[in-house]
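Only heavy atoms go into these numbers, but all of them, side chains included; no hydrogens, no water, no symmetry mates. What you see is a predicted model, and the numbers here were worked out from it, not measured in a lab.
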Amino acid sequence: PGCNTILGNVRIAGADITSLQGLNQIQTIRGNLEIKNNSLLQQLTGVENLDSVYGTLNIEWNPSLQIINALDSLKFVGGFTFTISFNASLTTIESLERIDSLGGSLRFIQNDVLSSITGFQNVRIIDGNLSIASNPALTAISSLGIDSIRGNCFITECGLDNLVCLDALRIVKGGFLITANPKLTSLTGTNTLQSVGGLTISSNALLASDLGFENLNSIGSDLTVEE
């Protein structure tokens, strides 16, 4: 399109789509952006000028997608979720340093070979959940900059050996679940946390007895610690 604003939703899905260059003038999407079920799409080149998505942003089920590095201008996602999930070849998420506002949940779920995530350091509040789940190759996440999560926080079935990525986090209104992370040896990164709605730490085979959370002074409901 020859415009820079789309007032409705954008859905990109197809077996023969290999490029997003047709979107290179788009700066604002007032609805949702869905990039889903594109079997040949390897990268997101073409959305470098996208600044704002007022609805949800979902990047899912793109089996050939290898890297997310074209969202350099993105600052705002206002919808229920920003989801990057079920992308079987995705190894790297980067170029999201400018994003500073999320209206809902942030989710990274079941990207089988995803090894690193950088960006999000300017996001202070997540209005929904933070879910980092079922990414077994994920060993590196840069400091996310998040101060408060108004929903739940899930760190489960990932390859992380510490939680330094959460070193700015002070408040989780809902539950905080750290479960089934086979390489997790330390909870370094949790010592800024002051309040959680509930806390579960379980099935982290290599986790040392030092549980971290040195400044945690309020747990709203249950505390569960299991091997």
Quiz item: Does the side chain of Val225 reach to within under 4.5 Å of the side chain of Leu199, using non-hydrogen atoms?
Solution: no
Self-check item: Verdict with reasoning, Glu60 to Ser85, per side-chain hydrogen bond (donor to acceptor under 3.5 Å, both in side chains)
Solution: CA-CA 5 Å; Glu60 299 180 292; Ser85 298; 4.5 Å; no
Practice problem: Quick one: do Leu166 and Phe176 satisfy side chain to side chain contact (heavy atoms under 4.5 Å, CB included)? Show the steps, please. | Solution: CA-CA 12 Å; Leu166 299 177; Phe176 191 174; 3.8 Å; yes
Quiz item: So if you build clusters from Ile, Leu, Val, Met, Phe, Trp, Tyr with side-chain heavy-atom gaps below 4.5 Å, do Ile132 and Val123 land together?
Solution: yes
Exercise. Kindly indicate whether the side chain of Leu74, heavy atoms from C-beta on, has any atom under 4.5 Å from the side chain of Leu96.
Key: yes
Quiz item: Looking at residues at least two apart in the chain, or sitting in another chain, which of them share a ring pair (Phe, Tyr, Trp, His ring centres under 6.0 Å) with Phe154?
Solution: none
Practice problem: Please lay out, stage by stage, how Phe213 and Leu187 fare under the test side chain to side chain contact (heavy atoms under 4.5 Å, CB included). | Solution: CA-CA 8 Å; Phe213 297 98; Leu187 294 179; 3.6 Å; yes
Quiz item: Counting N and O atoms only, with roles assigned by atom type, does the side chain of Ser115 sit under 3.5 Å from a partner on the main chain of Thr91, one being a donor and the other an acceptor?
Solution: yes
Quiz item: Is there side-chain contact between Asn49 and Gln25, with at least one heavy-atom pair below 4.5 Å?
Solution: no
Quiz prompt | Asn152 side chain vs Gly175 backbone, donor-acceptor pair below 3.5 Å | solution = yes
Self-check item: Any donor-acceptor pair under 3.5 Å from Asp222 side chain to Gly198 backbone
Solution: no
Quiz item: Will you find, in the side chains of Gln121 and Ser143, an N or O donor that is under 3.5 Å from an N or O acceptor?
Solution: no
Exercise. Specify the closest pair of heavy atoms between Glu48 and Asp72, including all atoms of both residues, with the distance to one decimal.
Key: CG-OD1, 3.8 Å
Practice problem: Flag the pair Ile109 / Thr83 as yes when at least one side-chain heavy-atom distance between them is below 4.5 Å, and no otherwise. | Solution: no
Quiz item: Is there a side-chain contact between Val47 and Leu71, using heavy atoms and a 4.5 Å cut-off?
Solution: yes
Quiz prompt | Backbone of Glu157 reached by a side-chain donor or acceptor of Asn181 within 3.5 Å | solution = yes
Exercise. Would you check if there is a donor-acceptor pair between the side chains of Thr56 and Asn32 at a distance under 3.5 Å?
Key: yes
Practice problem: Hey, can you tell me if Phe86 and Trp61 have their rings parallel, tilted or perpendicular (30° and 60° cut-offs)? | Solution: parallel
Self-check item: Under 3.5 Å: donor-acceptor pair, side chain of Ser64, backbone of Ser39
Solution: yes
Quiz item: Between the main-chain N or O of Asn129 and the side-chain N or O of Ser105, is there a donor-acceptor pair closer than 3.5 Å?
Solution: yes
Quiz item: Between the main-chain N or O of Ser202 and the side-chain N or O of Asn204, is there a donor-acceptor pair closer than 3.5 Å?
Solution: yes
Quiz item: Going hydrophobic residue to hydrophobic residue with side-chain gaps under 4.5 angstrom, can you get from Ile26 over to Phe76?
Solution: no
Quiz item: Going by atom types only, do Ser131 and Arg107 share a side-chain donor-acceptor pair under 3.5 Å?
Solution: no
Exercise. Decide yes or no for Leu102 and Asp127: does some side-chain heavy atom of the first lie under 4.5 Å from some side-chain heavy atom of the second?
Key: no
Quiz prompt | Expected output: side-chain Asn62 to main-chain Ile35 donor-acceptor under 3.5 Å | solution = yes
Quiz item: Would you say the side-chain atoms of Asp112 pair up with the backbone N or O of Pro136, donor to acceptor, closer than 3.5 Å?
Solution: no
Quiz item: Hey, quick one: are Leu23 and Ile29 part of the same hydrophobic cluster, counting side-chain heavy atoms closer than 4.5 Å, chains of contacts allowed?
Solution: yes
Practice problem: Go through the side-chain N and O atoms of Thr179 and Thr156 and say whether any donor and acceptor fall under 3.5 Å apart. | Solution: yes
Exercise. Kindly indicate whether the side chain of Leu33, heavy atoms from C-beta on, has any atom under 4.5 Å from the side chain of Leu50.
Key: yes
Quiz item: Salt-bridged, Asp51 to Lys75, with N to O below 4.0 Å?
Solution: no
Exercise. Could you tell me whether a side-chain N or O of Asn135 sits under 3.5 Å from a main-chain N or O of Phe108, the two making a donor and an acceptor?
Key: yes
Side-chain donor-acceptor pairs under 3.5 Å in residues 11-20, sequence neighbours left out?
from	atom 1	to	atom 2	distance (Å)
Arg11	NE	Glu34	OE1	2.6
Ser19	OG	Gln21	N	3.1

Exercise. Compute whether any side-chain donor of one residue and acceptor of the other, for Asp167 and Thr192, lie under 3.5 angstrom apart.
Key: no
Exercise. Is it possible for you to say whether Ile6 and Val53 belong to one hydrophobic cluster, with membership spreading through side-chain heavy-atom contacts below 4.5 Å?
Key: yes
Practice problem: Kindly work out whether a path of hydrophobic side-chain contacts (I/L/V/M/F/W/Y, heavy atoms less than 4.5 Å apart) joins Ile219 to Ile178. | Solution: yes
